[in-house]
Amino acid sequence: MPELPEVQTTCNGIAPIITGKTVTDVVVRKRQLRWPVTAGIKNKLIGHQVIKVWRRGKYILLQFDKGSLIVHLGMSGHLAVVDQKQEVKKHDHVDIFFGPTTVLRYHDPRRFGAVLWTAANPLEHALLHNIGPEPLGPEFTADYLFTVTRKRKRIIRDVLLDGKIVAGIGNIYANEALFRAGIDPRRAAGRISRVRMQKLVTALVEVLSAGIRAGGTTLRDFRGGDGRPGYFQQSLSVYGRSGEPCPVCQQIIDSEIRGGRSLFYCRRCQI
DNA sequence: CAGCGCCCCTGCCCGC
DNA sequence: TGCGGGCAGGGGCGCT
């Protein structure tokens with residue numbers, strides 16, 4: 001499910017329901033995710049109260065009165081509050097009960113995600129302590145991106161996907177932002193000017209903000225309840241649109257696979 | 001250290 | 001209709 005806007009939307013959805021509530025039970029149906037669900041998590045959680053729900057990059061953080069739960073959705077994870085009467089579906093791996101009916105349910109077909117407990121500051125956890133600045137935060141500026149990419153030969157798309165440089169950018173939003181900024185995703189990061197880096201930072205902020213405003217419905221498998229075509233269809237300019245005309249100049253959108261992930265771009269608009 | 005593949009896993013879509 | 005191949009939103013890890 002992820003991409004930062006979907007993770008933020010997940011936090012926004014569950015925070016008002018579970019903040020201040022106390023865990024009454026935990027059911028783990030399958031421990032084997034990317035890493036095994038922390039052993040003894042049931043006893044660590046029961047009786048403890050949620051203080052706040054937040055995120056760092058794509059890691060969802062449930063802060064309890066003692067310790068934090070770190071949840072990552074991988075490629076296919078969902079995390080939502082459901083009613084206990086809701087039937088348990090295939091790939092519903094973890095349930096966290098807040099009373100008899102309210103359940104925070106983790107669902108993840110591909111199991112690339114994670115559910116981990118830490119008693120310490122989650123930002124100091126091995127998975128988080130080296131993450132780059134938040135793309136919607138004050139540290140993520142054109143100067144920063146320009147400086148850290150000097151002499152870098154990697155293509156700019158791969159730099160945007162590198163969580164050590166900037167947190168939470170996924171392949172959809174990387175491609176979309178590069179289109180908006182008019183930058184060829186295959187360009188060596190170290191060969192992009194400061195002015196163009198400013199365009200890229202601005203484009204990233206716009207694209208991520210639009211995704212959050214849309215409620216994170218920019219994913220192919222999002223199911224809206226109203227039967228309308230998914231926001232996914234209308235919202236993306238180049239991602240998943242190879243062979244279609246560029247919305248700006250009508251040039252046919254190109255795609256190719258680099259580093260195991262698809263690039264989508266307009267060879268006329270992006271240089 | 002920078003950079004690049006590999007891989008974890010299931011589901012879905014496409015072509016034959 | 002069945003089957004095989006390719007691809008999917010992530011990102012840690014090991015190797016060069």
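We name chains A, B, ... by the order of the sequence lines, and we start the count at 1 in each one.
When the nucleotides dG11(C), dA8(C), dT10(B) are ranked by their closest atom to the side chain of Arg34(A), dG11(C) comes out on top. Of the candidates dC4(B), dG11(B), dC7(C), the closest approach to any side-chain atom of Ile257(A) belongs to dC7(C). You'll find that the side chain of Tyr59(A) is closest to dG12(C), out of dG10(C), dG12(C), dA8(C). With dC8(B), dG11(B), dA8(C) as the candidates, the nucleotide lying closest to the side chain of His91(A) is dG11(B). The listed nucleotides are dC9(B), dT10(B), dA8(C); the one nearest the side chain of Met75(A) is dA8(C). For Arg152(A), whose side chain is taken as the heavy atoms from C-beta onward, the closest listed nucleotide among dA8(C), dG3(B), dG11(C) is dG3(B).
The CD1 atom of Ile70(A) sits 14 Å away from the C1' atom of dG12(C) (whole-angstrom rounding). Going from atom CD1 of Ile172(A) over to atom P of dG11(C) covers 13 Å, rounded to whole Å. Rounded to an integer number of Å, the gap from CD1 of Ile156(A) to C1' of dC4(B) is 17 Å. Between Lys58(A) atom NZ and dG11(C) atom P the separation is 4 Å, expressed in whole Å. The distance between atom NZ of Lys164(A) and atom P of dC1(B), rounded to the nearest whole Å, is 11 Å.
Lys30(A) and Asp92(A) are not joined by a salt bridge, as no carboxylate oxygen comes within less than 4.0 angstrom of a charged side-chain nitrogen. Salt-bridge formation is not detected for the pair Lys58(A)/Glu6(A): no Lys NZ or Arg NE/NH1/NH2 atom is positioned less than 4.0 Å from an Asp or Glu carboxylate oxygen. A salt bridge does not link Arg267(A) with Asp184(A): none of the charged nitrogens is closer than 4.0 Å to a carboxylate oxygen. We find that Arg261(A) and Asp158(A) are not joined by a salt bridge, their nearest charged nitrogen and carboxylate oxygen being 4.0 Å or further apart.
Between Phe112(A) and dG10(C), a base-stacking contact is recorded: ring centres under 5.5 Å apart, planes less than 30° from parallel.
Nucleotides dC3(C) and dC9(B) place their P atoms 23 Å apart, quoted to the nearest Å.
Side-chain atoms of Arg154(A) stay outside donor-acceptor range of the base of dA2(B), with no qualifying N/O pair under 3.5 Å. With hydrogens and angles ignored, no donor-acceptor pair under 3.5 angstrom links the side chain of Arg111(A) to the base of dC9(B).
The local environment of CZ in Arg31(A) is crowded, with over 12 non-hydrogen atoms from other residues, nucleotides or ligands closer than 6.0 Å. Heavy atoms of other residues, nucleotides or ligands lying less than 6.0 angstrom from NZ of Lys199(A) number 12 at most.
Within the structure, every side-chain polar atom (N or O) of His72(A) is placed at least 4.0 Å from both OP1 and OP2 of dG10(C). Here Ser262(A) does not reach the OP1 or OP2 of dC7(C): none of its side-chain N or O atoms lies under 4.0 Å away. Contact check, Lys90(A) against dG11(B): a side-chain N or O comes under 4.0 Å of OP1 or OP2.
When heavy atoms are screened at a 4.0 angstrom cut-off, Leu161(A) is found touching no nucleic acid atom at all. Counting any heavy atom pair closer than 4.0 Å across all strands shown, Gly163(A) reaches no nucleic acid atom.
The pairing partner recorded for dC9(B) is none, the criterion being a Watson-Crick or G-U wobble arrangement whose two distances lie under 3.5 angstrom.
Heavy-atom distances to DNA chain B give each of Arg261(A) and Lys153(A) a nearest nucleotide, and the one nearer the 5′ end belongs to Lys153(A).
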